[in-house]
Number of protein chains: 2
Amino acid sequence: MNHPLREHIEKVIPLRDEEFKLILGHFSTKKFKKHQFLIQEGEPAKYNFFVLSGLLKLVFTESSGKQHIVAFAMEDWWESDFFAWYTGAPATMSLECLEDTEVLCITLDDYHALCNSLQKIERFFLEKSIFGFVSAQRRILAMLTSSAQERYERLLKQYPSLVQRVPKTQLAAFLGVSRETLSRFSG
Amino acid sequence: MNHPLREHIEKVIPLRDEEFKLILGHFSTKKFKKHQFLIQEGEPAKYNFFVLSGLLKLVFTESSGKQHIVAFAMEDWWESDFFAWYTGAPATMSLECLEDTEVLCITLDDYHALCNSLQKIERFFLEKSIFGFVSAQRRILAMLTSSAQERYERLLKQYPSLVQRVPKTQLAAFLGVSRETLSRFSG
DNA sequence: CGGCTGATGTGACCTGCATCACAAAATAAT
DNA sequence: ATTATTTTGTGATGCAGGTCACATCAGCCG
């Protein structure tokens, strides 16, 4: 068995075949087309998503209509409005496809059921969560220490494939720069 | 038994007396004076800390000497260089006292031992970690959407007691503004 | 094919905030 | 108390990056 989710989890904890089967049983699969929404601001965020293929953006929209990209999610990334998903509150952000995308979906109930039937998976989620926190903190630090241009160059180095796939308008909304200014970097 | 750590954990999961005793047995207590370091950049981050009293700052120092405050930690907050603590890598940030401070300390080994002997504590740490991630993401969003003055006013509303206890020089280093500019807000 | 929508580049101009400089309070140290 | 040391305020000046405006170019769909 050679499932992307299994490989992903086994980087942290080993799994026997029937354990992975149990895990997979708690997920459903969905496909979305470019421009479709997986989560809509204001509505409940029913699922936490694991990206099998494609590309998503987690977006906050100001009342003025200006968009800010909180995160991208590519293959092997987890994404949701985690606060909304975990607490049941209405989502404050939208999750939208930048490409046709296939995901695994898990509800909070199924997630808790899974943790109860396979204790050790909790360690996996905990580690994901810690590293998610760490990388958010690093992004904060980058915003405190670096200029827009430095942040752009760092993004280029760290996620060159992302920069290929995403229009610069969107990168600008992620970096916190205007698209005009971003366009003036690098030529 | 009426321990601040117990009350803190019981907001998430209920504990029997002997369970809390088991938990507490994995921590040690330490006291530090103002200006002392709990973690030094470049050295290993041996402990994760739970603040019983006092006030800490998690600081990144640029090669120029300029300081950036990644986080504050008051009573009932957990703080460490989490990446360094979790992976064993040398710390990239320092943790320093802004006031005389008393903390509970736990090593990574004791943490794992604790999780093994009391499975349900893992759910507590997972929830802490998720909410830590969520609030880091909110801070990123605030940096994307708001001006320095708006961020300062939001801080005033959300943590008025913190603003009382911390000199504005430090608040500026947290908000990502120069102290001069911060001083010109509000009068 | 031809019309549309969104992505990108570039100029002109404006503004929020940094930086430098100096002074006055307020705390801490001896 | 009396030095130090840190904190805070305020002016003057400069720059990174925002905003507006317009032009080009690519991809998409009837």
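Every chain is numbered from 1, with letters handed out A, B, ... down the list of sequences. Since this is a predicted model, take the numbers as computed values, not measurements.
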Practice task
Assign a letter to each nucleotide of nucleotides 16-26 of chain D from its 5' end: B, base within under 4.0 Å of a protein heavy atom; S, sugar-phosphate only; -, no contact.
Solution key: -SBBB------
Practice task
Please determine if a side-chain N or O atom of B:T169 lies less than 4.0 Å away from the OP1 or OP2 oxygen of D:dT8.
Solution key: yes
Practice task
Establish, with yes or no, whether the OP1 or OP2 oxygen of D:dT7 is under 4.0 angstrom from a side-chain nitrogen or oxygen of B:S183.
Solution key: no
Handout entry: Protein-nucleotide distance (A:R165, atom CZ; D:dG27, atom C1'), rounded to Å
Key = 18 Å
Fill in the blank from the handout: In whole angstroms, the gap separating C1' of C:dT19 from CD of B:E62 amounts to 15 Å
Exercise for the section: Identify the residue among A:F49, A:F125, A:Y47 that makes a ring-ring contact (aromatic ring centres under 6.0 Å, His included) with A:W78. Expected result: A:F125
Exercise for the section: Taking only Lys NZ, Arg NE, NH1 and NH2, and the carboxylate oxygens of Asp or Glu, determine whether B:D100 and B:K34 approach each other closer than 4.0 Å. Expected result: no
Problem - Salt-bridge criterion met for A:E75 and A:R165 (N-O under 4.0 Å) - result: yes
Practice task
Salt-bridge test for B:E122 and A:R123: reply yes if a basic N is under 4.0 Å from a carboxylate O, no otherwise.
Solution key: yes
Completion exercise
Scoring nucleotides 25-30 of chain C by protein non-hydrogen atoms under 4.0 Å (B base, S sugar-phosphate only, - none) yields ---S--
Handout entry: salt_bridge(A:E127, A:K120) N-O dist < 4.0 Å
Key = no
Handout entry: Side-chain ion pair, A:K21 and A:E18, N-O less than 4.0 Å
Key = no
Problem - Lys/Arg cation over aromatic B:F174: B:R139, 6.0 Å, 45° cone - result: yes
Problem - Rounded distance (Å) that lies between atom P of C:dT8 and atom CD of A:Q164 - result: 12 Å
Exercise for the section: To the nearest Å, give me how far apart CD (B:E153) and P (C:dG16) are. Expected result: 14 Å
Exercise for the section: Please tell me if the side chains of B:Y86 and A:F131 come closer than 4.5 Å, counting only heavy atoms from C-beta onward. Expected result: yes
